[in-house]
There are 4 protein chains.
Amino acid sequence: MGKAATQEKTRTRRHANRLPAEKRISDIMIAARQVFTERGYDDALISEIAERAGVVEGSIYRFFTNKRDLLVKVVESWYEEMLEEDRAQFAAVRGTWKQIRFVVLQHLYSIRREPGLSRLVFQKLRSEPSYRETRVFQLNQSYTHRIVDIVRAAVAAGEFRSDVSPGLVRDLIFGGVEHRTWAFLRNEGDFDPVTLADDLTNMVCRALFLPGEAASDHFDAAAKRLEKVAERLERLAEGAGS
Amino acid sequence: MGKAATQEKTRTRRHANRLPAEKRISDIMIAARQVFTERGYDDALISEIAERAGVVEGSIYRFFTNKRDLLVKVVESWYEEMLEEDRAQFAAVRGTWKQIRFVVLQHLYSIRREPGLSRLVFQKLRSEPSYRETRVFQLNQSYTHRIVDIVRAAVAAGEFRSDVSPGLVRDLIFGGVEHRTWAFLRNEGDFDPVTLADDLTNMVCRALFLPGEAASDHFDAAAKRLEKVAERLERLAEGAGS
Amino acid sequence: MGKAATQEKTRTRRHANRLPAEKRISDIMIAARQVFTERGYDDALISEIAERAGVVEGSIYRFFTNKRDLLVKVVESWYEEMLEEDRAQFAAVRGTWKQIRFVVLQHLYSIRREPGLSRLVFQKLRSEPSYRETRVFQLNQSYTHRIVDIVRAAVAAGEFRSDVSPGLVRDLIFGGVEHRTWAFLRNEGDFDPVTLADDLTNMVCRALFLPGEAASDHFDAAAKRLEKVAERLERLAEGAGS
Amino acid sequence: MGKAATQEKTRTRRHANRLPAEKRISDIMIAARQVFTERGYDDALISEIAERAGVVEGSIYRFFTNKRDLLVKVVESWYEEMLEEDRAQFAAVRGTWKQIRFVVLQHLYSIRREPGLSRLVFQKLRSEPSYRETRVFQLNQSYTHRIVDIVRAAVAAGEFRSDVSPGLVRDLIFGGVEHRTWAFLRNEGDFDPVTLADDLTNMVCRALFLPGEAASDHFDAAAKRLEKVAERLERLAEGAGS
DNA sequence: GATGAATGAGGATTCATTCAT
DNA sequence: AATGAATGAATCCTCATTCAT
């Protein structure tokens, strides 16, 4: 009520161009991504998003339920983008260590490229009770599930110990990355994705590789002694045969 | 709601009893802790905190700069409480594995006891640019630095590999715990602190223990068997050669 | 809500079938009547009316000036419907009391059948300054004028007192009915049209019937007897005095 | 959320005088009554009410839950005012007819004095589903119940017929008045409260008075005829005595 | 020192209506 | 004629913070 009263009044109108819905949605999402990134959720104004998108405020509500929905959609598309980007490259990566490192590194790159969005996900979306019903949750699952898959495959291949929960590995990795990058997300300085990815991957692998597989020193030593024994036996055998 | 109701309510706190400032502050902080925990930061009302503390809004501002400062003070006291509580027990814990497990477990207990405050720290305080200037930051440093200390000691004692950054270990642990507990913090079900602490500690230790020292028992066994084989072969070789 | 949903929905009404204008108008009015009835004026959405009518919003504006005009047209057609329905039956009703009762009862039935529309008329249309220029006003006049006609006829026939304003009778009846039915219109329970119509009609008629016709018969009788006594006494006196 | 963010920013302040709550409430209600009367509910702006009351918008919400509550409170106070005003005078009115006329007349005066508020009650408050839970409903009950009381007393005194529902009488009266005054409420011209009150009261009384008891015209006529008879008898008696 | 009334900025959201296609 | 995307004005309410009493 009341709204209706005013709405029935005549009003001026400056008509705009009629674009395909997709273009509009994309314009709005690009603008929203910018504004959310620059200002954070609370300080992002719908009016500014509209302005940057070259759209009137009301138009945003034709495509998005509300501000929060707009954020969610922006983040979703970011996740899809990330998942899509990596997919092809990831398929080409061979070896457990390299695969883990790849995932970690890509994740670090994403955070470094989009600190604003990362912060929003960590801070705003993930903490809401409805998060689990979100598509962002599912996308994030897909995103982080790669680690679970890699770990499972490594276990199946006998590379990794079988007594570790792949989910725990995933949480250690993504949680560790997050903790490590908070300072950066607070604008307290940069970090080196490559070094961090290497360190983190090493750490995790060290915890998971089965003994025989990994290069442990005194396994080496024993092996070397065996080799020497074998050599001596060979020499003996040669001598006996002369 | 019910603004009008207040006028009909008889004012309870007409002439305030003049209590010592410390008692006031403590009352306010207890009330604030409750309200922040129950409602989260944004939905916590200064008026409700004042009411529960038996003071008026204005009094809160005699002791706290603003709402945010009040939150910070509440969290600081929580951290001090936690640090104090653990200190004695921790001093009694012997052994690297046990110490790490102790810290992890206490942290998990804290989260489980105060999910509301935990969420506020993770979500609100830590993400603000001024976090690093906060005493909460320092307290948190103390809190998490225990891990760094343990790792350093273990390295010095030759238990842990020396090529790992203790800071990274700390981030893996606290980040991992955080990631693992988000579902709980969103009220999506409980978790078992003991099991989680064990698993996490195992994982981390596995990554850090030097070969001969610990874990990888069956690697050891295998190595010993290999050595025995080698010895036998050597004996054979010696016998054959005499 | 669900603005975003629309984009995912397949458009149903892509290429509109070109129906005769009358069919269009009728479809729209049927849909509008439903929606206005269900939601009331302010909460009725043009978009929902359009959807139910199987047209797009714009088409509604080809036939109706604006939302309000649509309401007015809907109510007009309802009135015409009511007037038409009753006309034949009414013509067959004989007797002042029965005619009044008929009008009241039909009115009560209408309210009971269409509480939503009734409320809109009482609440929205009638209170607007332009009401008197409305055709709804005229139709309502026709509708209520029946009472005026009945009263006038009854006065002319010597049944009703001539010193009462037929308009006042009309207002008492329709106002009384309205007051009596507000609770029902607020969904606070049903009413019995027949009883109410009887009671109301009785009340009104009691106020209007000329004395001789109705009550005070025995007062008359008494007076007549006294007159006769007086006459006899006069005759006696004359006889005695002569 | 979000609100809080802005609220924590510093802001300028132009401090106002500290008035007793009652004065404030009264100022606000006076202003609100004006604005609601002038503009109707939907077009009344809280900001204008605040301005006229010499108060900031927020202050209104210290005393009133929301705009609707403010309207309700304004109307309540109007009803209380009316009830209070009449009470003393009413107590002095003797006679059924005069009492009914008094109530009707006061009601008409009220409508004439406050057409804006009357319209709001008729149009807005009374049609809402929650009306029955309102104090306005109760006050209105008190207001209209006078008629019920008068009718009951008249029935008990043997003046009025006992077969009529006092509630129906009440609805006829107030409904009739309302119907009669709609044109005025739409600004379509004035009405004469006295004449209307007389006519309405007469009508109602005519419907209710028991035959022999009171002021019906042909009771008058009969009375006159009786008087003539009496005169004739007196003359006879005089003649007989000469 | 305590009180608590007063401040006042600030923005998401709705939906009837238009008019380019 | 039909479509339906785009328009955009317009307002209620909250609550941390202040400062006169």
Side-chain angles (χ1 to χ4, degrees), chain A residues 2-21 24 42 44-48 50 55-63 65-68, chain B residues 3 6 11 13-19 21 24 42 44-47 50 55-62 65-68 70, chain C residues 3 6 11 13-19 21 24 42 45-47 50 55-62 65-68, chain D residues 2-21 24 42 45-47 50 55-63 65-68:
Chain A
K3 276 85 188 246
T6 47
Q7 276 151 5
E8 272 166 49
K9 283 171 196 161
T10 345
R11 74 188 54 158
T12 47
R13 183 170 299 256
R14 161 172 39 99
H15 237 86
N17 44 343
R18 218 178 172 76
L19 275 74
R24 274 286 137 102
D42 288 333
L45 302 191
I46 291 289
S47 55
E48 188 176 1
V55 158
V56 142
E57 298 186 36
S59 296
I60 292 179
Y61 289 87
R62 271 196 23 84
F63 304 109
T65 308
N66 51 35
K67 188 181 176 182
R68 162 72 222 229
Chain B
K3 299 281 157 63
T6 53
R11 298 293 175 205
R13 28 178 170 123
R14 262 262 157 261
H15 295 297
N17 32 353
R18 186 173 297 209
L19 291 151
R24 279 280 146 111
D42 287 330
L45 304 189
I46 291 289
S47 55
V55 301
V56 294
E57 288 96 317
S59 299
I60 291 179
Y61 287 87
R62 283 223 342 109
T65 309
N66 53 32
K67 187 180 177 183
R68 192 173 124 152
L70 180 52
Chain C
K3 299 279 158 63
T6 52
R11 299 292 176 205
R13 25 175 171 126
R14 262 262 158 262
H15 297 293
N17 32 354
R18 186 172 296 208
L19 291 150
R24 277 280 147 109
D42 287 331
L45 304 189
I46 292 290
S47 56
V55 301
V56 294
E57 290 95 317
S59 299
I60 291 179
Y61 288 87
R62 283 223 343 109
T65 309
N66 53 32
K67 187 180 177 181
R68 201 191 111 138
Chain D
K3 275 89 188 239
T6 46
Q7 276 151 4
E8 272 166 47
K9 284 170 195 161
T10 345
R11 75 188 54 160
T12 48
R13 184 169 299 256
R14 161 172 36 101
H15 237 87
N17 44 342
R18 218 179 172 75
L19 276 75
R24 276 284 138 102
D42 287 334
L45 301 192
I46 290 289
S47 56
V55 157
V56 143
E57 296 187 37
S59 296
I60 292 179
Y61 290 88
R62 272 196 22 86
F63 303 109
T65 307
N66 52 34
K67 188 180 175 182
R68 163 71 224 230

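In what follows, chains are A, B, ... by sequence order, proteins preceding strands, each numbered from 1. Computed over heavy atoms, backbone and side chain alike; hydrogens, waters and symmetry mates excluded.
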Fill in the blank from the handout: Rounded to whole Å, the CZ-P distance (C:Arg62 to E:dA20) equals 17 Å

Completion exercise
Symbol by symbol from the 5' end, with Watson-Crick or G-U pairs under 3.5 Å, [ ] crossing and | another strand, DNA chain E is .||||||||||||||||||||

Practice task
In whole angstrom, give the distance that lies between atom CG of C:Asp42 and atom P of F:dA10.
Solution key: 17 Å

Practice task
Compare the minimum distances between each of E:dA12, E:dG1, E:dT17 and the side chain of C:Asn66, then state the nucleotide with the smallest one.
Solution key: E:dT17

Handout entry: Gap between atoms CD1 and C1', on A:Ile60 and F:dA5 respectively (whole Å)
Key = 15 Å

Handout entry: Distance, rounded to the nearest Å, where B:Leu70 contributes CG and F:dA16 contributes P
Key = 11 Å

Completion exercise
Separation of E:dT18 atom P from C:Tyr61 atom OH, nearest Å, is 7 Å

Completion exercise
Taking F:dA6, F:dT11, E:dG11 as options, the one with an atom nearest any side-chain atom of A:Leu45 is E:dG11

Handout entry: N/O (side chain, D:Ser59) to phosphate O (OP1/OP2, E:dA6) under 4.0 Å
Key = no

Exercise for the section: Quickly work out the B:Ile46 CD1 to F:dT18 P distance and round it to whole Å. Expected result: 11 Å

Practice task
Provide, to the nearest angstrom, the distance between the CD atom belonging to A:Glu48 and the P atom belonging to E:dG10.
Solution key: 14 Å

Problem - Contact nearer the 5' end of DNA chain F, comparing B:Gly58 with D:Lys67 - result: D:Lys67

Exercise for the section: Answer yes or no: does a side-chain N or O of C:Arg24 lie under 4.0 Å from OP1 or OP2 of F:dA2? Expected result: yes

Practice task
Classify the nucleic acid contact of D:Ala50 as base, sugar-phosphate or nothing, counting any heavy atom under 4.0 Å across all strands shown.
Solution key: nothing

Problem - Contact nearer the 5' end of DNA chain F, comparing D:Ser47 with A:Val56 - result: A:Val56

Practice task
Using atom CD of B:Glu57 as one end and atom C1' of F:dC19 as the other, report the distance to the nearest whole Å.
Solution key: 14 Å

